[in-house]
Amino acid sequence: MERLYKLSRLIKRQLLWLLPFALVGLLVDKFWLSLSIGLALAVAGNLFYFQRLNRWLWDSRTMLPPRAKGAWSDIYDGIYGTLRRAQVKRRSLALLLQRFRQAAEAIPDAGLVLNADGTLEWTNKLAQIYFGIRWPADKGIRITNLIRYPRFHKYFEAGNFTKPITILSPIGDQRELELRFMPYADTQLLLMVRDVTQLSKLERMRKDFVANVSHELKTPLTVISGYLEMLEEGEQLPPQMMEKAVHEMQGQTKRMQRMVNQLLEISRMELQDKELFSKRVVLANVVQQSIDELAQSIQEKKLQMHVALDDTLSLWGDEDKLRSACMNLLTNAIKYTPEGGMIRVTWQRIANGAEFSVEDSGPGIAAEHIPRLTERFYRAESDRNSATGGTGLGLAIVKHALEHHRTKLMIESKPGQGSRFGFRINQALIAS
Ligand code: ADP
């Protein structure tokens, strides 16, 4: 297709065309006239092909060039080849652009391209969702008109993009967005936006958690170090005081130990795979064993126990976690029920599965505390708890253990009317 047209070849062709006219002219003794006719025909032919080329280039919709002869056929072919190459290049560019757009849609972040003056050039769909952009209507709008926070305005106008900025989503859905500007292609700016709501929440939780643990450990340590100082100073302490100090220190040490063990238990539960339904658990046995372990405290407080456990009822689950959940609920009931009180423990079939519950005749809980009881370190009444040595972690463990069985802790309680804690197991997890 590609043929470089040499001038010598063109001249040769023209001379070959004129040769018969020259010969005939010589024969009939009209050399110049015949040559002129030959030249005129050549010019007419060129004009004809030139006009065809003109039409083909401007009017025709087809890529194929018109048929031609001689040098013109090579010229048409040359132009056709150039057009073909341009078309192939255009197609591959369009494909590349399409791929780029698909890639930009596939990334989990929102992306926007801004011009040097901060006007919008392009966005992916996620960006349109995050910022409520109407596309393409909003093309050309300044980013500071889309995100109208004075803090963002200042940040953008300052033009120092070494650190990202975090803002609340301008469409008011409480999403926290981290914006990172990257200059590119000399004048344009690429803006990548990430939803960091969950990350910020986790970060806050981590900070709260560290603060809580520090606080919870500080209290017993202050008590212990106070007693130790007292013991160091006065050898002449009366024996009752001595006894009280040792007793108090033991109590606080036990509380710290319990807290550390419970924290370890929570983190173990968080780390474990959710391999839920591998074992058949006869919950009645698990609960009975827990009650037996707690027998001493039950006797000491002279509690009346009403236990009704269906031992024909088993479920698919994680025995250790279920044991932990039941043990914590039983311990709480015993801990918070005053001497001579009553505790009713049941495990029975219900309409769509089975239900475990621990009911007590304890002091009950005010409604405002109930939704927060499963938060780590949350305790309803601190006075009551300091006496019981509670850590506020028991129900957090129960919540975790139950989540593994796709169920929630149920709490029914009213001040002065006792409490009922329990959970329901879905029929799908019932083994028999
Ligand atoms: P704690 O170690 O303080 O008992 P939990 O997480 O087990 O921590 O319980 C959280 C809070 O819920 C307790 O501090 C207590 O105020 C309240 N609570 C739990 N169980 C009972 C109950 N059976 N009767 C009354 N209050 C309870």
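The figures here come from the full heavy-atom set of this structure, side chains too, leaving out hydrogens, waters and symmetry mates. This chain uses plain numbering: 1 for the first residue, then up along the sequence. Just follow the structure's listing: the first ligand is 1, and inside any ligand the first atom is 1.
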Original post:
Any side-chain donor paired with an acceptor under 3.5 Å for Asp310 and Gln348?
Top reply: no
**OP:** For Thr391, take its heavy atoms, then give the atoms of ligand 1 lying under 4.0 Å from any of them.
**Re:** 1 (P), 2 (O), 3 (O)
Subject >> Geometric N/O contact Leu395 with ligand 1, under 3.5 angstrom >> reply: yes
Subject >> Per-atom contacts of ligand 1 with Gly390, taking only distances under 4.0 Å to non-hydrogen atoms >> reply: 1 (P), 2 (O), 3 (O)
**OP:** Ignoring hydrogens and angles, state whether a donor on the side chain of Asp311 or Trp347 is under 3.5 Å from an acceptor on the partner side chain.
**Re:** no
Subject >> Counterpart residues, side-chain hydrogen bond (donor to acceptor under 3.5 Å, both in side chains), relative to Arg151 (two or more places apart) >> reply: none
**OP:** Please identify which atoms of ligand 1 are closer than 4.0 Å to at least one heavy atom of Phe421.
**Re:** 19 (C), 20 (N), 21 (C), 22 (C), 23 (N)
Original post:
Hey, are Gln288 and Asp292 close enough side-chain-wise for a donor-acceptor pair under 3.5 Å?
Top reply: yes
**OP:** May I ask whether Gly392 has any heavy atom positioned less than 4.0 angstrom from an atom of ligand 1?
**Re:** yes
Subject >> Heavy-atom side-chain contact between Ile365 and Lys414 under 4.5 Å >> reply: no
**OP:** Indicate, as side chain, backbone, both or neither, the part of Ser419 found under 4.0 angstrom from ligand 1 when only non-hydrogen atoms are considered.
**Re:** side chain
Original post:
Between Arg134 and Gln128, does any side-chain donor sit less than 3.5 Å from a side-chain acceptor?
Top reply: no
**OP:** Enumerate the residue pairs fulfilling side-chain hydrogen bond (donor to acceptor under 3.5 Å, both in side chains) with a member in residues 87-98, sequence neighbours excluded, ordered by first and then second residue.
**Re:** Arg84-Gln87
Original post:
With backbone taken as N, CA, C and O and side chain as the heavy atoms from C-beta onward, which portion of Lys335 lies under 4.0 Å from ligand 1: side chain, backbone, both, or neither?
Top reply: side chain
**OP:** Ignoring angles and geometry beyond distance, decide whether Arg379 reaches within less than 3.5 Å of ligand 1 through its nitrogen or oxygen atoms.
**Re:** no
Original post:
Can you name the nearest heavy-atom pair linking Gly418 to Ser413, along with the distance?
Top reply: O-OG, 3.2 Å
**OP:** Go through the side-chain N and O atoms of Thr391 and Gln262 and say whether any donor and acceptor fall under 3.5 Å apart.
**Re:** yes
Subject >> Proximal candidate to atom 11 (C) of ligand 1 [heavy atom criterion; set Ile397, Leu373, Val358, Ile411] >> reply: Leu373
Original post:
Is the closest heavy atom of Asn328 to ligand 1 under 4.0 Å?
Top reply: no
Subject >> Residue portion contacting ligand 1 (non-hydrogen atoms closer than 4.0 Å) for Leu393 >> reply: backbone
Subject >> Ala396, any N or O under 3.5 Å of ligand 1 N or O >> reply: no
Original post:
Ring centres of Phe156 and Phe181 under 6.0 Å apart?
Top reply: yes
Original post:
Could an N or O of ligand 1 be found under 3.5 Å from any N or O of Tyr378, whether backbone or side chain?
Top reply: no
Original post:
Are Arg258 and ligand 1 in contact, using a heavy-atom cut-off of under 4.0 Å?
Top reply: no
Original post:
If you measure every N/O of Gly394 against every N/O of ligand 1, is any gap under 3.5 Å?
Top reply: yes
